[in-house]
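Here is the structure we will look at, set down as structure tokens.
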Amino acid sequence: MATRIPMSFTINGDRYEMELPPQRTLLELLRDELGLTGTKESCGAGICGACTVLVDGQPVSSCIKMAFQVKGREITTIEGLAPGGQLDPLQEAFVRHGAIQCGYCTPGMIIIAKGLLLQNPYPSEEEIYEAVGSNICRCTGYVKIVEAVRAVARGER
Amino acid sequence: MAARFVGARIKRREDRRLITGEGAYVADLARPGMVHAAILRSPYARARIRAVDLTAARQSPGVLLALAFEDLQPAGPLPLPVPHPALKAAQEFPLAPGMVHYVGEPVAVVVAEERYAAEDALDLIRVEYEPLPPVVDPERALAADAPLVHEELGTNVAAHLEQETGDVERAFREADHVFRERFRVLRGSGQSIEARAVLAAYDPLLQALTVWSSTQTPHLIRRGLAPLLNLTEAQIRIIAPDVGGGFGSKGVFYPEEFLVPFLAIRLGRPVKWVEDRREHLQTAIQERGQVHEVEVAVRRDGRILAVRDRFVADQGAYTPWGIVVPVLTATMVPGPYKIPNYRFEVTVVYTNTVPSAPVRGAGRPQAVFVMERMVDRVARELGLDPAEVRFRNFIPPHEFPYVVGLRSRDGRLQTYDSGNYPEGLTRALRLIGYEEVRKEQERLRAEARYLGVGMACCVEATGLGPHEGATVRVDPSGRVYLYTGASPQGQGHETMLAQVCADALGVELEEITVVTGDTAGIPQGTGTFASRIATVAANAVTAAATEVRARALRAGAYLLEARVEDLDLISGRVQVRGVPEKGVPLGQVARVAAGAVPGPGSPMPEGVETSLEATSYFTPAQAAYASGTHAAVVEVDVETGMVKVLKYGAIHDCGRMINPMIVEGQVCGGVAHGIGNALLEEPVYDGSGQLLTSTFMDYLLPSAAEVPEILLDHVETLSPLNPLGVKGAGEGGTIPAPAAIAAAVEDALAPFGVRITEVPLSPERLRRLISRGERAQDGGRG
Amino acid sequence: MRPFEYAEPVSVGEVCEILGRHGEDARVIAGGNSLVYFLKRRIVSPRVLVTLQSLPAALGTADPMPGGGLRLGALMTHGAVATHPLVRERCPQLATTAANIGSVRVRNSGTIGGSLCYAHPAIDTAPVLITLGAEVVIAARGGTRTLPVEQFFSDAFKSVLAPDELLTEIRLPGHGRPLRGSYIKFVGQKAKSSMAIVGIAVAIRGGDGAPVEEVHIVLGGVSPTPLRARRAEDLLRGKRATPELLRQVGAAAAAGTAPWDDPWASAGYKRDMVEVLSRQALEGLTGLGPGYQG
């Protein structure tokens with residue numbers, strides 16, 4: 001039985017070659033193997049979106065994704081959004097609009113919004129609600145999160 | 001001192017780390033040599049444990065330790081922070097000693113090198129249970145033949161309380177009308193997005209224990225833990241790092257708060273336990289479950305003369321916060337209304353369900369639901385506008401301080417400090433465009449579309465004692481450190497308290513570091529709950545910073561050879577008033593106070609106190625009463641029972657707003673939680689006490705689709721009880737929401753004669769009520 | 001998650017061979033949306049996990065078939081189904097249905113074949129596929145077979161796939177004159193991204209002012225497998241739709257269901273919703289009403 005299998009990934013622009021047990025989820029790879037703890041686990045079932053990362057630019061629940069499923073793919077986590085400390089406009093907008101409270105859903109929210117804007121730089125109101133509405137936040141009531149995403153989509157910098 | 005920062009929309013200093021993934025929550029922390037705990041939980045709501053066999057689990061690969069209750073000695077019951085003379089308390093043990101009382105109660109714990117290994121070993125534990133019939137429904141628990149949750153108590157009644165003000169009997173005799181109703185409010189829970197987690201490390205050399213816990217109350221955890229572990233409080237340091245939401249569910253001393261440190265000491269290795277969502281849904285405290293039988297006595301002009309409320313409160317299996325919740329409900333029923341005669345009678349009952357303790361709102365959503373629904377009833381029966389009935393019954397703005405006539409939770413005479421309730425309602429109605437909505441409602445009804453508008457008002461005791469403190473210290477570098485026991489879970493304490501400190505001390509915001517959630521930072525603390533931090537902690541910060549400022553001026557007077565009265569502290573410089581170039585930076589002043597100037601061996605300069613530091617505790621004599629008025633517009637699809645919230649207006653009065661952006665966030669988030677309570681959230685137990693809603697697929701939380709844009713406005717009546725004039729803001733968004741939405745739904749369905757007496761309102765329940773109404777109408781026509 | 005052996009075959013034949021060798025001990029993983037959660041919770045603990053990620057690309061594409069039909073590779077994600085121009089042109093109701101499955105995260109991972117094989121009673125795509133007369137292509141060691149989607153499900157969470165079989169393709173027949181159809185996904189008060197409480201797929205030919213020549217009504221969430229409302233179809237077929245007739249059709253659709261209680265919806269409520277929503281769906285298609293406005 002192969003207890004470890006070779007895998008390679010590009011994570012936040014860095015290339016990783018490693019051998020991992022096939023039982024690792026993508027979330028465990030990020031948090032436990034690589035120490036990228038910005039991606040959070042909340043429901044563990046792919047519902048709440050706290051663990052959202054981008055795989056080849058598309059939002060995915062890393063808690064219900066096996067690491068081997070994303071071999072050879074490009075993964076972006078919250079840590080990869082501000083290379084060199086230059087914040088993404090979404091990150092700035094979240095702060096400016098008061099869209100953050102406890103911060104636990106925030107990485108997933110920012111990433112899902114990023115995924116939306118990558119696919120669709122000019123999303124409709126409905127598309128913004130659809131993206132934000134697929135993740136759960138318990139603190140903010142979403143109002144300010146929607147405001148922040150809308151602001152970036154409408155070109156506010 | 002002019003306020004530069006208090007009242008300003010300052011961006012939160014917490015956010016930089018949170019938006020970049022650098023926030024450090026307990027699950028994100030690791031210690032060298034760390035091992036992992038997993039907990040075996042009862043699959044039965046009520047059962048005797050005949051035997052626990054850990055043999056196979058102990059031999060499982062990677063397992064270091066497997067323990068049941070017998071292995072825990074000493075393992076006294078968990079602490080009861082809020083005793084009550086009327087309470088027959090039942091306290092949980094860290095692991096069940098012979099009996100389990102709810103599904104999810106910890107029975108055994110395993111520690112292994114890896115989390116999966118610990119979980120694998122749980123499957124190997126053999127527990128012999130003798131399942132016993134449970135009691136799940138609180139009213140059923142009062143039946144003579146009901147199973148006893150705690151046999152040793154001889155009853156399921158945890159407490160019975162009564163109180164009366166005025167002459168209720170007489171008021172009912174003399175009233176023009178008496179209306180009766182029965183209301184049910186079902187349970188709900190906090191469901192912070194971060195579940196709970198505990199990490200503990202013991203240093204045998206220093207005999208010191210450090211615990212990282214996702215708690216709302218680090219100092220209370222320390223207080224509870226010390227005697228359980230036979231340690232002094234000085235040996236224990238509790239750190240609540242970034243905490244991902246609380247809402248009350250992290251304000252409890254849970255079994256794991258003891259188990260994890262116990263295991264770390266026992267093993268001599270750091271032990272971490274991270275709860276999964278299923279465990280959190282199963283075992284985190286819940287609240288709200290109450291059944292009320294209420295009567296109101298009314299004059300024909302709509303004036304409410306008396307209220308009589310008898311209710312049963314579901315306590316669940318244990319009393320981690322005593323009976324705080326039902327007491328809060330009982331005393332807050334009169335709310336913003338001038339009701340001269342009021343009597344309540346509450347019976348708190350044990351059931352075989354997860355224990356009940358405060359969840360955001362803490363008993364008050366129920367009180368508001370009961371009272372506001374009755375006010376709406378009065379309006380309907382008398383043919384008056386619901387707003388008008390409220391205006392006729394409000395406590396007038398000139399009658400503050402207003403003595404309600406009850407003893408409140410803290411045992412004192414319940415006295416509202418300030419408020420302007422008519423103004424709140426006026427503004428709430430203006431926010432949603434009440435008159436226009438009424439016209440729209442009329443128009444749509446002709447198209448068989450059902451729009452409704454509802455309103456609800458609340459008063460909320462905030463800023464409760466006993467104390468919260470702050471230490472303000474100026475480092476010789478000039479940097480200001482602020483330590484407080486007010487441990488945040490996302491409310492922005494770091495920013496808000498820095499604003500208060502900067503103004504009181506006279507420094508720039510950036511010069512202040514705020515340290516929260518660490519018992520090593522300040523000797524005493526209480527914690528974050530009951531919307532208390534802006535009131536209690538912020539006023540402590542003001543006092544401590546004011547004292548440090550005085551000290552700085554005296555030390556500055558020595559340095560500048562000036563009179564203290566001529567000095568000012570502005571932007572981190574002590575300077576001669578009117579002569580800003582004659583001044584010294586605060587760091588230099590701190591060096592004088594530290595004894596570095598003139599230097600070791602010299603006497604302290606005259607009039608200069610040692611250390612530019614002060615600790616102050618604010619001890620409120622009573623609660624500050626915040627208030628709120630909400631107005632909701634909904635549309636109901638009468639074929640499916642679906643409710644859509646179209647418009648939501650929320651007025652909040654928390655006195656002076658230290659940071660309006662933070663207050664708005666608190667209110668909006670609170671409203672979303674209240675919408676959840678009104679329409680979605682319900683932990684469902686079957687007859688055997690099994691929780692059927694153990695994932696986010698089944699326990700329904702509001703998403704962005706269910707929360708409308710929330711229109712906000714504020715009434716600011718300053719509290720006379722504290723120097724800043726503030727009241728709490730954390731829960732006011734939640735409290736009136738279920739009542740407002742229920743009222744709007746009832747209003748929408750008025751053509752069907754539907755009455756809303758229960759929340760949450762599932763589409764199915766509504767559909768049933770609508771069909772009943774349709775049948776009644778058909779019957780009426782036929 | 002219990003340890004498992006990992007297999008990453010590169011051809012369908014190889015998959016079937018591995019599956020045949022390990023029988024019930026092997027599980028296939030496509031998107032993994034449901035399976036990974038079950039692995040973590042130890043609800044499923046296969047000895048061998050067979051990933052389909054290295055199979056030929058054709059399993060993830062849509063291609064036209066003669067006569068206006070369409071073949072969809074089983075590994076197409078819901079997102080791909082939703083946005084594929086051919087699907088949107090030839091089967092708009094399937095594209096719309098796929099666009100409303102789960103959240104964007106689910107649609108980016110989950111595959112149309114994977115979700116059919118998971119066989120959740122409230123699956124969204126199957127009722128639509130059945131109304132359109134779709135077939136599945138199933139590969140095994142000995143060759144392939146083709147089966148109407150309607151016959152693919154054997155019970156809740158069970159399909160007719162033998163242990164060595166793999167679903168590779170979904171085929172949508174061409175139609176002389178296309179069926180007009182819709183799918184109503186009713187989630188009640190649950191989040192939009194949840195599984196349906198009831199799902200109602202309807203497709204008709206004719207009916208726009210003329211009699212309804214052909215009608216298909218298939219229900220999800222109200223029986224262990226997608227349920228064809230035959231009595232309701234019979235009531236409507238060949239007739240001109242009237243409000244009263246559609247009320248009867250709705251009632252007939254509901255009468256044939258066998259739902260169960262869930263924490264958020266009782267059997268009775270589900271039945272009521274079938275009655276209301278199938279009527280509304282047909283009203284929408286026959287111009288007698290606005291259709292479902294949820």
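Proteins get letters first, then strands, A, B, ... in listed order; numbering begins at 1 in each. The shown structure was predicted, so the numbers you read here are calculated from the model rather than taken from an experiment. Heavy atoms only: backbone and side chains are in, while hydrogens, waters and symmetry mates are out.
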- Task: Among C/V136, C/V81, C/T125, find the residue that satisfies the side-chain contact (heavy atoms from CB on, under 4.5 Å) test when tested with C/I170.
- Result: C/V136
- Message: Test your reading of the model: is there a side-chain donor-acceptor pair from C/K40 to the backbone of A/G44, 3.5 Å cut-off?
- Response: yes
- Proximal to chain C - members of residues 58-73 of chain A, heavy-atom separation under 4.5 Å: A/Q58, A/P59, A/V60, A/S61, A/C63, A/I64, A/K65, A/M66, A/F68, A/Q69, A/K71
- Residue-level contacts of residues 47-55 of chain A with chain C, using a heavy-atom cutoff under 4.5 Å: A/I47, A/C48, A/G49, A/T52
- With C/T97 as partner, the option from C/L129, C/D124, C/I184 fulfilling side-chain contact (heavy atoms from CB on, under 4.5 Å) is C/D124
- Distance-only side-chain donor-acceptor flag, A/R15 / A/S8, under 3.5 Å: yes
- Distance col, row C/F186:CZ vs C/L277:CG, nearest 0.5 angstrom, shows 6.0 Å
- Query: Should the pair C/F157 and C/Y118 be assigned to parallel (<30°), tilted (30 to 60°) or perpendicular (>60°) ring geometry?
  - Reply: tilted
- Atom group of C/R2 that falls short of 4.5 Å from chain A, counting heavy atoms: backbone
- Is there any residue in residues 126-145 of chain A with a non-hydrogen atom under 4.5 Å from a non-hydrogen atom of chain C, and which ones are they? A/E130, A/S134, A/N135
- Excluding sequence neighbours, so at least two apart, what forms salt bridge (Lys or Arg N to Asp or Glu O under 4.0 Å) with A/E125? A/R150, A/R154
- By a 4.5 Å heavy-atom criterion (distance strictly below it), what part of C/L52 contacts chain A: side chain, backbone, both, or neither? neither
- Has C/R180 got more than 12 heavy atoms of other residues, nucleotides or ligands less than 6.0 Å from its CZ? yes
- Query: Does A/E147 CD have over 12 foreign heavy atoms under 6.0 Å away?
  - Reply: yes
- Portion of C/L35 that has a non-hydrogen atom of chain A nearer than 4.5 angstrom: neither
- If every non-hydrogen atom of C/A267 is compared with every non-hydrogen atom of C/D261, which pair is closest and at what distance? N-OD1, 2.7 Å
- Between C/N108 and C/T77, is any side-chain donor less than 3.5 angstrom from a side-chain acceptor? no
- A/E19 atom CD: more than 12 heavy-atom contacts under 6.0 Å: yes
- Task: Identify which part of C/A30 has an atom lying under 4.5 Å from any heavy atom of chain A, answering side chain, backbone, both or neither.
- Result: backbone
- Item | C/K185 (side chain) donor-acceptor with C/S194 (main chain) under 3.5 angstrom | yes
- C/D262 with C/K270: basic N within carboxylate O range, under 4.0 Å: yes
- Show your reasoning for whether side chain to side chain contact (heavy atoms under 4.5 Å, CB included) applies to A/Y16 and A/M7. CA-CA 8 Å; A/Y16 293 83; A/M7 304 186 199; over 6 Å; no
